[in-house]
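One structure below.
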Amino acid sequence: MRVPSGSLEWSPIRASDGAETLRLIRECESKNSSLFSMSEDQLADLLESGGGNSETVVARNRGAIKAVASVEVLAQKGSELQAQVGAYIHPECRTDLVGAAILEWQKKSVRELASTRAGIDTPVVIHTEMDGHMTAQRELLRAAGFEKVRTFDVMYRNLGGEPLEVSRPRGGFAIVPWIAELESQVRELHMRAFKDHWGSASDIALWWDGALRALQKRWSFVAISPEGRVAGYILVGRHPAQWLREGVSTAYAELLGVDPQIRGGGVAKALITKAMRAAQESSVERFGLDVDVENPHGARGFYERLGFESVGDYSIYGLRL
């Protein structure tokens with residue numbers, strides 16, 4: 001296995017590194033004022049690396065883990081492979097040389113994994129995410145050839161005060177609890193609702209799979225048409241790691257989708273107000289979501305009218321190999 005160059009001592013991650021790696025990540029998140037926190041499930045994914053689609057390495061200085069870097073080849077998109085990379089570096093070890101060495105390793109590692117999986121000539125697109133206020137890290141990405149692909153505003157609404165009013169959709173639509181029997185129909189709607197957004201069918205499927213892991217059914221709802229068809233949904237999650245770091249309980253709308261043929265009928269507003277009221281009744285302190293700043297349907301203004309305020313943004317960066 002190839003490892004990053006430089007003064008730090010790099011090696012493949014082991015299961016026994018998990019607790020120390022998690023402490024490093026939490027320290028980095030706190031220092032960075034990160035918009036999101038890594039879950040223990042996501043850390044477990046890093047510990048499972050090495051199966052042919054992913055690799056994770058850690059760096060030590062005097063025996064202590066000071067950095068972690070990962071790569072994963074995700075899915076085929078047409079003739080291209082999609083890959084994801086990420087890294088955490090302890091503040092005392094952050095230099096342009098360390099960051100550049102990690103990015104160079106990530107590019108080479110992705111290329112090697114992709115060649116093994118699909119052949120040496122297969123095009124690969126690497127994606128990574130970065131909070132908007134992480135200026136130095138964004139510059140490193142640009143210097144390594146990454147370009148900004150999309151930006152998302154992270155927005156929150158406090159749930160304190162009087163019970164929230166739940167909006168009613170027009171046209172006889174009903175808002176019902178999330179049940180397992182509806183999930184296949186909801187997923188099919190999800191694929192249709194987001195087909196005109198940025199990305200491909202494989203991207204949209206990955207969004208669904210990732211969001212479903214955080215699903216809290218008690219805060220998630222489905223809209224049913226008068227004919228009995230799924231017409232919309234809101235999938236709300238809970239992220240305990242972020243609760244502990246920030247000291248604020250939060251319900252987070254991972255996905256909100258409405259059948260394109262019935263947009264404008266108040267279904268989206270009914271779904272989100274229903275979800276917020278359910279979270280409020282669970283004594284949750286705030287409700288969050290993120291919105292594509294280039295959303296073609298005026299989503300940001302819609303959420304602002306519901307009382308949401310932006311607390312920052314993050315961007316997806318891409319590099320074609």
Side-chain angles (χ1 to χ4, degrees), residues 1-18 20-22 24-25 28 38-39 41-61 65-90 93-130 134 136-149 200 202-203 206 209-210 314-321:
M1 173 193 270
R2 186 190 300 269
V3 296
S5 60
S7 58
L8 296 174
E9 298 176 1
W10 292 91
S11 62
I13 197 169
R14 302 168 299 182
S16 58
D17 296 326
E20 189 176 357
T21 300
L22 183 59
L24 166 71
I25 291 170
C28 290
M38 178 180 283
S39 70
D41 279 345
Q42 290 169 322
L43 175 63
D45 290 342
L46 297 185
L47 296 174
E48 285 186 27
S49 70
N53 290 330
S54 63
E55 291 181 353
T56 303
V57 293
V58 293
R60 289 177 169 83
N61 183 17
I65 293 177
K66 296 296 184 180
V68 57
S70 64
V71 300
E72 182 180 10
V73 177
L74 295 171
Q76 190 100 15
K77 177 182 175 182
S79 62
E80 298 176 337
L81 283 175
Q82 303 289 296
Q84 181 82 19
V85 302
Y88 293 86
I89 307 170
H90 192 280
C93 296
R94 288 178 189 168
T95 67
D96 287 351
L97 289 177
V98 171
I102 289 173
L103 286 168
E104 186 63 23
W105 169 77
Q106 288 172 327
K107 288 191 285 186
K108 292 178 179 178
S109 182
V110 165
R111 183 70 270 173
E112 290 177 356
L113 290 172
S115 297
T116 301
R117 178 166 167 175
I120 193 168
D121 297 323
T122 303
V124 185
V125 178
I126 303 175
H127 288 119
T128 193
E129 296 179 5
M130 188 63 63
M134 301 294 290
Q137 288 80 358
R138 289 159 72 105
E139 288 300 323
L140 275 175
L141 287 174
R142 283 191 280 266
F146 284 79
E147 296 181 353
K148 187 186 296 186
V149 177
S200 66
S202 59
D203 296 320
L206 285 171
D209 293 341
Y314 69 94
S315 295
I316 297 175
Y317 287 81
L319 172 67
R320 190 179 302 275
L321 296 180

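Remark: Glu112 does not engage Lys108 in a salt bridge, criterion side-chain N to carboxylate O under 4.0 Å.
With contacts defined as side-chain heavy-atom distances shorter than 4.5 Å, the pair Glu147/Val149 does not qualify. By the 4.5 Å heavy-atom criterion applied to side chains, Thr56 and Leu47 are not counted as neighbours. Cys28 places none of its side-chain heavy atoms less than 4.5 Å from the side chain of Ile89.
The local environment of CG in Asp96 is sparse, with at most 12 non-hydrogen atoms from other residues, nucleotides or ligands closer than 6.0 Å.
In this structure, the separation between CZ on Arg138 and NZ on Lys148 is 4.5 Å, given to the nearest 0.5 Å. Note that the CE atom of Met130 and the CZ atom of Phe146 stand 9.5 Å from one another [nearest 0.5 Å]. Expressed to the nearest 0.5 Å, how far CD of Glu72 lies from CD of Gln84 amounts to 8.0 Å. Distance check, rounded to the nearest 0.5 Å: CG of Leu97 to CG of Leu140 gives 9.5 Å. Between atom CD of residue Glu129 and atom CD1 of residue Ile316 there is a gap of 5.0 Å, rounded to the nearest 0.5 Å. The structure places CD1 of Ile102 at 12.5 Å from OG of Ser109, a figure rounded to the nearest 0.5 Å.
Pairing each heavy atom of Leu24 with each of Tyr88, the nearest pair is CD2-O, 4.2 Å. Residues Ile65 and Glu20 come closest through the heavy atom pair N-OE2, 2.8 Å. In terms of heavy atoms, Ser54 sits closest to Ser49 at OG-CA, 3.3 Å. Counting all heavy atoms, side chain and backbone alike, Leu43 lies closest to Gly18 at CD2-O, 3.6 Å. Closest of all the heavy-atom pairs between Val73 and Ala114 is CG2-N, 4.2 Å. A pairwise comparison of heavy atoms in Gln42 and Ser39 identifies OE1-N, 2.8 Å as the closest pair.
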- Stepwise side chain to side chain contact (heavy atoms under 4.5 Å, CB included) check, Tyr317 with Arg142: CA-CA 9 Å; Tyr317 287 81; Arg142 283 191 280 266; 3.6 Å; yes

- Give the intermediate values and the outcome of side chain to side chain contact (heavy atoms under 4.5 Å, CB included) for residues His127 and Leu74. CA-CA 10 Å; His127 288 119; Leu74 295 171; over 6 Å; no

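Of the possible donor and acceptor atoms, one in the side chain of Gln106 sits under 3.5 Å from a partner among the backbone N and O of Gly86. Looking only at distances, no side-chain donor or acceptor of Lys107 sits under 3.5 Å from a matching main-chain atom of Leu319. Judged by distance alone, with hydrogens and angles left aside, the side-chain atoms of Thr21 form a donor-acceptor pair with the main-chain N or O of Asp17 at under 3.5 Å. Although no hydrogens or angles enter the test, the distance criterion places a donor-acceptor pair under 3.5 Å between the side chain of Thr128 and the main chain of Val85.
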